[in-house]
Amino acid sequence: MDDGVRTPALLPSPLEEIHDERLGGVRLLVKRDDLLHPELPGNKWRKLERNLAEAARQGRRTLLTFGGAYSNHIRATAAAGRLFGFATIGVIRGEEHTPLNPSLAYAAARGMRLTYLDRAAYRAKRDPELLSRLRDRWGDFYLLPEGGSNVQGVLGCAELPAELVAQTAGARGPGGGAPGFDVVCCACGTGGTIAGVAGGLPPGARAIGFPVLKGGGFLAEEVERLQREAFGRVRGDWALECGFHFGGYARSTPELDAFVRDFGERHGVALDRVYVGKMMYGVFALAARGAFAPGTRVVAVITGPGDAL
Ligand SMILES: *Cc1c(COP(=O)(O)O)cnc(C)c1O
């Protein structure tokens, strides 16, 4: 992409160490992707950047994408359209509710046109017949799948581990060649981020994804599909920890709320409850359970901005 997209992004995003006695001998670093870009934060910037370049290369003027009514991806796509000169169409799961919730109001204010599909119809979001009906109605568009998770999005996320390698270069062990980190953790929605991060890992490092939806078991197949599309094969040492969804998407519990509040107070890093809070809770729980050998260097990716502290 030209400098229009590259320049405002804070690359590499900062890497900061968190000191917390509850972690025992585990070392925790946070990758501050929440600071990447003011309007396209976190993994949304990583997933959109190459897609915007590809849309421009194909001469498309309009981006069409899919998402739930509270989707960060819908917000980010609307912002990207406004910033980089694309018309945007958001196909939203469920019925229209007015007044619009803050996410959709934000998208509409950036010029996104919104259209709605009931849950059954929405499930067919990759069906060529639905896409051709959308083309009849809205004209030609560049299709961004839900969450921005496609080949371009996965390849964008695959750049993250190289930043970590450079940022931890001084921390290499006596072996020399090994990376300065052992495990990268991130929250998963559609799975595009973990597919890319895992695919970009250096030898000796592994990735753990924390699905925020209930029944996240289906996600492994989706991550494999995305990796095959992007890399031609399933790639990298990765696994999913499906026990930290806290009841499902956008659900929370008093325990998760308390953890997120406490983490913010101790470390000055705001976590969001939908994604990053669940992943971070999971990292602490795994550490407490002895799932990481003492001295393990764990990187937790802050994939988006937090709720107000
Ligand atoms: C969208 C989002 C995710 C999920 O990313 P996927 O690539 O869909 O798995 C994780 N964290 C935050 C903060 C997000 O906004």
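This one's a predicted model, so the numbers in the text were calculated from it and none came from an experiment. Note that ligands are numbered from 1 as they come in the structure, with each ligand's atoms numbered from 1 the same way.
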In the protein, what heavy atom is nearest to [atom], and what distance, to one decimal place, separates them?
atom: atom 11 (N) of ligand 1; value: Thr303 OG1, 2.7 Å
atom: atom 8 (O) of ligand 1; value: Thr190 OG1, 2.6 Å
atom: atom 6 (P) of ligand 1; value: Lys47 NZ, 3.3 Å

Query - Lys/Arg-Asp/Glu bridge criterion (N-O < 4.0 Å) met for Arg82, Glu39 - result: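 Looking at Glu39 together with Arg82, the answer is no, because their closest N to O distance does not fall below 4.0 Å.
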Do ligand 1 and [X] have nitrogen or oxygen atoms that lie under 3.5 Å from each other?
X: Gly189; result: yes
X: Lys44; result: yes
X: Tyr275; result: no
X: Gly147; result: no

Between [X] and [Y] (side chain of the first, backbone of the second, donor and acceptor by atom type, cut-off under 3.5 Å), is there such a pair?
X: Asp272; Y: Gly304; result: no
X: Gln167; Y: Ser13; result: yes
X: Lys278; Y: Phe246; result: no
X: Thr65; Y: Leu144; result: yes

Going by the atom numbers of ligand 1, which of them fall below 4.0 Å from some non-hydrogen atom of [X]?
X: Gly191; result: 6 (P), 8 (O), 9 (O)
X: Cys188; result: 9 (O)
X: Gly304; result: 13 (C)
X: Asn72; result: 14 (C), 15 (O)

Can you list, pair by pair, the side-chain donor-acceptor contacts under 3.5 Å of residues 128-143, counting residues two or more places apart and other chains?
from	atom 1	to	atom 2	distance (Å)
Arg135	NH2	Phe141	O	3.1
Arg137	NH1	Thr115	OG1	3.0
Tyr142	OH	Asn51	OD1	2.7

Query raised in the report: Of the options Glu221, Glu229, Gln227, which is the one that meets Arg225 in a side-chain hydrogen bond (donor to acceptor under 3.5 Å, both in side chains)?
Result: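 Only match with Arg225 under side-chain hydrogen bond (donor to acceptor under 3.5 Å, both in side chains): Glu229.
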Query raised in the report: At a non-hydrogen distance cut-off of under 4.0 Å, which region of Asn43 contacts ligand 1 (side chain, backbone, both, or neither)?
Result: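 Just the side chain.
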**Report entry** Sequence-distant partners of Glu21, side-chain contact (heavy atoms from CB on, under 4.5 Å), two or more places apart
**Finding:**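 Testing Glu21 for side-chain contact (heavy atoms from CB on, under 4.5 Å), a comparison that skips the adjacent residues, returns Arg266.
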